Amino acid sequence: MDYIVFDLEWNQCPDGKDKEDKRLPFEIIQIGAVKLNEQFEETDRFNEYIRPVLYKTLHFHTREILHVDIQSLRRARSFPEVASDFFSWCGTDPVYCTWGSSDLLELQRNLTFHGMESPFPFPLFYLDIQKNFSLQMEDGKSRRSLEYVSNLLNLPKGIPFHNALSDSIYTSRVMQKLDKQALLDYFSIDYYRVPGSRKEEILVQYGTYSKFVSKTFANKNDAMRDRKVASTPCYLCKKPAKKKIRWFTGNSRNYYCLCYCETHGWLKGKIRLKKTEEDRVFAVKTLKLIGTEEAKRIVDRKDAVRRKNQRHRSS
DNA sequence: CCAACTAAAAGCCGGACCAT
DNA sequence: ATGGTCCGGCTTTTAGTTGG
């Protein structure tokens with residue numbers, strides 16, 4: 001099993017959004033990757049440019065960012081050819097690692113556009129190095145640029161940023177600086193393909209919390225009314241924890257609830273509803289055992305939301 | 001420029017409640 | 001019945017990151 005640290009460069013419609021092909025706003029023009037063994041040691045590299053079929057000149061702004069010569073792209077191979085070779089090179093059981101979450105998304109959109117079969121397993125787990133840097137070195141929420149982190153960690157420079165191969169190399173170097181076990185523990189889940197049925201629903205145990213990814217629903221209401229989505233089983237004993245504060249929302253994006261497990265204590269619930277490419281809705285629910293002081297914070301937050309609405313109405 | 005994510009604020013709407 | 005306020009749920013808007 002190898003770790004595949006990869007990065008993509010892509011282009012967009014040079015004539016503005018109106019003229020773009022709605023099926024593919026971003027067209028991949030380079031795939032770069034570094035292969036690491038179990039010890040995170042580099043064993044191989046992959047680098048190839050891709051001949052565009054949609055956008056044959058660079059968008060003004062991407063030309064500023066990327067250092068690519070559009071002329072050389074015309075001599076490059078097509079996306080299906082390069083992508084096939086890339087996945088062969090990745091081997092049979094790779095763990096994909098990226099800087100941020102957008103690369104796997106755009107890669108799959110390009111695969112779909114070209115009518116290619118998905119080479120990925122379902123569910124697709126991967127390692128987001130940008131997120132894990134924040135978890136280990138910062139607040140867990142910030143998202144730093146690759147250049148910022150490379151400077152912070154005094155990584156050897158000399159190769160340009162915003163090139164698929166060199167960014168893969170930088171990303172792999174950041175990866176090597178992280179605590180390995182923590183990194184492997186906090187893997188991410190790709191949501192390009194989401195569970196289409198009960199059978200495909202995903203339940204994952206992390207160290208201090210559990211994560212559940214539901215099947216899709218027609219709308220938000222259906223999702224939140226679903227018994228399995230709304231349920232709050234304690235992830236240690238599997239028994240239902242009793243709701244003290246039912247699901248509520250403070251910012252329209254996340255729902256929270258507070259419940260109590262007779263054997264394991266306070267349990268915080270959080271649901272984030274997300275939309276699929278087809279505009280359907282699915283739920284990502286995390287359940288976490290917490291202490292009394294954090295339980296109180298949820299009670300306070302519920303209170304704050306109520307007061308905020310009060311103030312808002314009176315003004 | 002375009003897309004995704006996050007957070008906060010503002011706006012909309014209908015039901016519950018209350019006083020008239 | 002009518003009008004006003006409160007409240008919860010939801011959407012939209014705005015601003016600031018990141019990615020290319």
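So you know, we letter chains A, B, ... as the sequences are listed, proteins then strands, and number each from 1. Quick note: numbers below take in every heavy atom, side chains included, and nothing from hydrogens, waters or symmetry partners. Small disclaimer: the values here were computed from a predicted structure and weren't measured.
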Might you work through the salt bridge (Lys or Arg N to Asp or Glu O under 4.0 Å) test for A:K141 and A:D139, ending with a clear yes or no?
CA-CA 5 Å; A:K141 295 189 172 186; A:D139 62 357; over 6 Å; no
Evaluate the criterion ring pair (Phe, Tyr, Trp, His ring centres under 6.0 Å) for residue pair A:Y96 and A:F120; output intermediate values, then yes/no.
CA-CA 10 Å; A:Y96 295 100; A:F120 300 113; 5.3 Å; yes
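With 3.5 Å as the limit, one finds a donor-acceptor pair spanning the side chains of A:S142 and A:S134. Looking at A:N37 and A:T43, their side chains never bring a donor and an acceptor atom within 3.5 Å of each other.
Atom P of nucleotide C:dC10 and atom CZ of A:F248 are separated by 14 Å, given to the nearest angstrom. Atoms OH (A:Y126) and P (C:dG19) sit 14 Å apart, rounded to a whole Å. In this structure, A:N254 places its CG atom 13 Å from P of C:dC10, rounding to the nearest Å. As rounded to whole Å, 14 Å separates atom C1' of B:dA3 from atom CG of A:N110. Rounded to whole Å, atom P of C:dG19 lies 13 Å from atom OH of A:Y148. What separates CH2 of A:W10 from P of B:dC1 is a distance of 19 Å, to the nearest Å.
Using a 4.0 Å heavy-atom distance criterion, A:D128 is classed as making no nucleic acid contact. A:D7 comes within 4.0 angstrom of the backbone, heavy atoms only, and of no base.
Counting only residues at least two apart or in different chains, salt bridge (Lys or Arg N to Asp or Glu O under 4.0 Å) contacts with residues 164-182 of chain A are absent. Residue pairs satisfying the salt bridge (Lys or Arg N to Asp or Glu O under 4.0 Å) criterion with at least one member in residues 36-61 of chain A, sequence neighbours excluded, are listed as follows: A:E42-A:R45, A:E48-A:R77. Sorted by first and then second residue, the side-chain hydrogen bond (donor to acceptor under 3.5 Å, both in side chains) pairs involving residues 194-204 of chain A (not counting sequence neighbours) are A:R198-A:E201, A:R198-A:D226, A:E201-A:K228. Screening residues 257-270 of chain A for salt bridge (Lys or Arg N to Asp or Glu O under 4.0 Å) gives A:K268-A:E294 as the qualifying pairs, with residues at least two apart or on separate chains. The salt bridge (Lys or Arg N to Asp or Glu O under 4.0 Å) analysis of residues 106-128 of chain A, with sequence neighbours excluded, yields the pairs A:E106-A:R109, A:R109-A:E277.
Ring geometry, A:H114 versus A:F79: the interplanar angle falls under 30°, so the pair is classed parallel (tilted spans 30 to 60°). Taking the six-membered ring for Trp and thresholds of 30 and 60 degrees, A:Y206 and A:Y186 have nearly parallel ring planes, at less than 30 degrees apart.
Of the residues in residues 151-173 of chain A, those placing a heavy atom less than 4.0 Å from an atom of DNA chain C are A:H162, A:D167, in numerical order. For DNA chain C, the residues of residues 55-80 of chain A within the heavy-atom distance limit of 4.0 Å (strictly under) are A:T62, A:I65, A:L66, sorted by number. Within a heavy-atom distance below 4.0 Å of DNA chain C, the residues of residues 17-35 of chain A found are A:F26.
Summarising the local packing, NZ of A:K296 is surrounded by 12 or fewer heavy atoms from other residues, nucleotides or ligands at distances under 6.0 Å. Residue-environment remark: NZ (A:K157) exceeds the threshold of 12 foreign heavy atoms within 6.0 Å.
A continuous path of ILVMFWY side-chain contacts below 4.5 Å connects A:Y126 to A:F46, so both sit in one hydrophobic cluster.
Not counting sequence neighbours, A:S166 has no partner by the side chain to side chain donor-acceptor pair (under 3.5 Å) test. For A:W247, there are no side chain to side chain donor-acceptor pair (under 3.5 Å) partners, not counting sequence neighbours.
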What's touching nucleotides 4-6 of chain B from the protein side, N or O pairs under 3.5 Å?
residue: B:dA4; atom: OP1; partner: A:R109; partner atom: NH1; Å: 3.4
residue: B:dA4; atom: OP1; partner: A:R109; partner atom: NH2; Å: 2.8

All N/O pairs under 3.5 Å across the protein-nucleotides 15-18 of chain C interface:
residue: C:dT18; atom: O3'; partner: A:Q130; partner atom: NE2; Å: 3.3

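Residue A:N11 has no polar side-chain atom (N or O) positioned under 4.0 Å from OP1 or OP2 of B:dC2.
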